[in-house]
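Small disclaimer: the values here were computed from a predicted structure and weren't measured.
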Amino acid sequence: MTNALLGQRLRQQRKKRGLTIEQLAEMIGLSKNYVSLIERGRKLPSMATLIKIVNSLHISADVLLCDEVESVSCVVDEELDQRIRALEPHQRKAVFAILDSVIDAIPDLTASSSEDSAE
């Protein structure tokens with residue numbers, strides 16, 4: 001994970017809760033400049049600061065660290081849900097048709113990779 005990804009996720013979560021940088025900084029006891037540096041990927045917060053951030057935003061750390069945490073299925077599920085809900089109905093229908101095709105092809109893909117490894 002890069003600092004930039006952590007910062008982007010932090011900004012997204014802060015905005016989702018309707019907070020300004022100043023408000024979040026006050027909640028966690030840091031300067032707004034430092035929070036801004038984290039959001040821009042210029043600084044990586046310490047563990048203590050990260051804990052303050054996730055507690056203040058009432059989120060799990062895996063929301064911010066999903067590239068580093070192995071069990072992030074709920075974060076992925078939430079992201080997929082948000083992206084699909086943002087689509088127009090006809091776009092959603094097309095996405096599900098593509099998804100169905102991919103899911104249908106999975107047994108074939110698994111079988112061919114097993115055959116390749118047997119050779």
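Residue Leu37 is not grouped with residue Leu64 when hydrophobic side chains (ILVMFWY) are merged at heavy-atom distances under 4.5 angstrom, including chains of intermediate members. The cluster map of Ile, Leu, Val, Met, Phe, Trp and Tyr, joined by side-chain heavy atoms under 4.5 Å apart, puts Ile84 and Leu99 in the same cluster. Linking ILVMFWY residues whenever their side-chain heavy atoms come closer than 4.5 Å, directly or via other members, places Ile103 and Phe96 in the same cluster. Residues Leu44 and Leu65 share a single hydrophobic cluster, defined by chaining ILVMFWY side chains whose heavy atoms lie under 4.5 Å apart.
Rounding to the nearest 0.5 angstrom, the gap separating the NZ atom in Lys43 from the CG atom in Leu30 is 12.0 Å. To the nearest 0.5 angstrom, Ser56 atom OG is 12.0 Å from Gln23 atom CD. Within the model, atoms CG of Leu5 and CG of Leu10 stand 12.5 Å from one another, a figure rounded to the nearest 0.5 Å. The CZ atom of Arg11 sits 11.0 Å away from atom CG of Leu6, with the distance rounded to the nearest 0.5 Å.
When only modelled atom types and interatomic distance are considered, Gln13 and Arg9 share no side-chain donor-acceptor pair under 3.5 Å.
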Could you check Ile53 against Val35 for side chain to side chain contact (heavy atoms under 4.5 Å, CB included), going step by step and ending with a plain yes or no? CA-CA 10 Å; Ile53 290 169; Val35 174; over 6 Å; no
Determine whether Asp62 and Ser60 satisfy the following criterion, side chain to side chain donor-acceptor pair (under 3.5 Å), listing intermediate values before the conclusion. CA-CA 5 Å; Asp62 63 345; Ser60 173; 2.6 Å; yes
Show your reasoning for whether side chain to side chain contact (heavy atoms under 4.5 Å, CB included) applies to Asn55 and Ile28. CA-CA 9 Å; Asn55 286 339; Ile28 59 178; over 6 Å; no
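Residues Glu39 and Arg14 form a side-chain contact, since some pair of their non-hydrogen atoms from C-beta on lies under 4.5 Å apart.
A salt bridge does not link Glu26 with Lys32: every distance from a Lys NZ or Arg NE/NH1/NH2 to an Asp or Glu carboxylate oxygen is 4.0 Å or more.
For Thr49, the side chain to side chain donor-acceptor pair (under 3.5 Å) partners at least two apart in sequence or on another chain are Ser46.
The environment of CZ in Arg92 is crowded: more than 12 heavy-atom neighbours from other residues, nucleotides or ligands sit within 6.0 Å.
The backbone N or O of Leu57 lies less than 3.5 Å from a partner atom in the side chain of Arg17, making a donor-acceptor pair.
The heavy-atom pair separating Asn3 from Gly41 by the smallest distance is CB-O, 3.2 Å.
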